[in-house]
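Presented below is the structure to which this report refers.
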Amino acid sequence: MSIHALLTANLMTNPVIETIGKRRSVRSYEPKPIPRAIIKMIIEAGNQAPSRGRFEKGVVQFQPWRFVVVENAEFKLKLVHTTRPIWRKSMESMKETLPEMYEKVMMDYEAMDEPKDMVYHSAPIIIFVIGPASYAVSCALACENMMVAASSLGLGSCYVGFGSMVKGDADIVEALELKDDERIYGPIVLGYPKEESDAMASIRPKKKEPIVKWI
Ligand SMILES: Cc1cc2nc3c(=O)[nH]c(=O)nc-3n(C[C@H](O)[C@H](O)[C@H](O)COP(=O)(O)O)c2cc1C
């Protein structure tokens with residue numbers, strides 16, 4: 001029985017499993033600030049994720065990540081302006097391959113208030129998870145912990161891979177203190193969820209049953 005079937009049948013009473021089952025990427029947010037205490041709690045959840053050890057300065061180090069929280073409106077605008085052309089270019093390639101999806105996404109884009117932000121979804125908070133390029137698994141686990149924690153606290157979140165494409169802007173690289181061997185994971189956007197448009201709801205993928213082999 002899937003988590004959703006269990007939830008529907010009211011057979012699921014474990015709050016962690018329930019939160020995992022209910023978490024979905026949120027792409028529409030209320031313009032309402034999130035208290036810093038809540039943001040810190042979400043970062044703490046990320047920080048609790050398992051991580052691969054690395055030998056550095058004579059000892060084994062864990063937790064390869066660091067977090068940059070963006071709440072400044074001007075900086076968010078800079079991020080939007082930097083990533084929007086990349087997103088637009090990628091959308092154009094979707095025009096041929098997924099015309100129906102392209103049409104719905106563009107419908108949403110056109111209806112958006114300024115600044116049109118289809119990358120960070122106008123979320124009030126953007127958290128860049130930054131770590132060595134060779135620690136993708138560990139950093140991704142931190143991201144998932146953060147998204148599940150956000151969901152448990154009544155917040156929406158989304159992992160926005162497009163949002164990491166900022167290395168072409170020297171000011172952003174400087175602000176994030178990105179080193180050559182570092183990579184951005186996420187970023188994870190956070191906010192209080194707003195009802196999504198019908199166009200976007202119609203292209204939301206349904207979860208498939210897991211493929212499992214028992215030996
Ligand atoms: C590596 C990665 C990159 C993603 N990049 C984006 C993105 O740039 N924009 C976006 O809206 N969603 C992005 N997503 C979210 C996925 O689209 C989403 O997780 C997927 O559609 C499944 O939906 P769910 O999260 O609601 O279960 C990304 C997810 C992952 C794991």
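Remember, it's 1-based here, ligands and their atoms both numbered in the order they're listed.
- Contact annotation: the side chain of P64 approaches that of C139 to within less than 4.5 Å [non-hydrogen atoms, C-beta and beyond].
- Residue, atom and distance of the protein heavy atom nearest to atom 9 (N) of ligand 1 are V160 CG1, 3.8 Å.
- The closest approach between M118 and ligand 1 stays at or above 4.0 Å for every heavy atom of the residue.
- When only non-hydrogen protein atoms are considered, atom 3 (C) of ligand 1 lies nearest to Y159 CD2, 3.5 Å.
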Determine, stepwise, if the pair S151 / K22 fulfils side-chain hydrogen bond (donor to acceptor under 3.5 Å, both in side chains).
CA-CA 8 Å; S151 186; K22 284 185 175 166; over 6 Å; no

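- For atom 22 (C) of ligand 1, the nearest non-hydrogen atom of the protein is K207 NZ, 3.9 Å.
- In terms of protein heavy atoms, atom 21 (O) of ligand 1 is closest to P205 CG, 3.7 Å.
- Put simply, the side chain of I215 reaches to within 4.5 Å of the side chain of K213, judged on heavy atoms.
- When the options R23, R24, R27 are ranked by their closest heavy atom to atom 11 (O) of ligand 1, first place goes to R27.
- Near R204, the atoms of ligand 1 lying under 4.0 angstrom from a non-hydrogen atom of the residue are 26 (O).
- Taking every heavy atom of C158 and a limit of under 4.0 angstrom, the matching atoms of ligand 1 come to 10 (C), 11 (O), 12 (N).
- Side chain of K167 to backbone of V173: no donor-acceptor contact under 3.5 angstrom is found.
- At a 3.5 angstrom cut-off on N or O pairs, G161 counts as close to ligand 1.
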Applying ring pair (Phe, Tyr, Trp, His ring centres under 6.0 Å) to Y120 and W87, what does each step give before you reach the verdict?
CA-CA 11 Å; Y120 305 96; W87 176 82; over 10 Å; no

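- A salt bridge does not link E44 with K40: none of the charged nitrogens is closer than 4.0 Å to a carboxylate oxygen.
- Annotation: F162 places an N or O atom under 3.5 Å from an N or O atom of ligand 1; distance criterion only.
- Every atom of ligand 1 with a heavy atom of H121 under 4.0 Å away is listed here by number and element: 10 (C), 11 (O).
- Between S122 and Y29, every side-chain heavy-atom pair lies at or beyond the 4.5 Å cut-off.
- Using a 3.5 Å distance cut-off with no hydrogens or angles, the side chains of Y159 and E144 do not pair a donor with an acceptor.
- Here the heavy atom of the protein found nearest to atom 25 (O) of ligand 1 is S25 OG, 2.6 Å.
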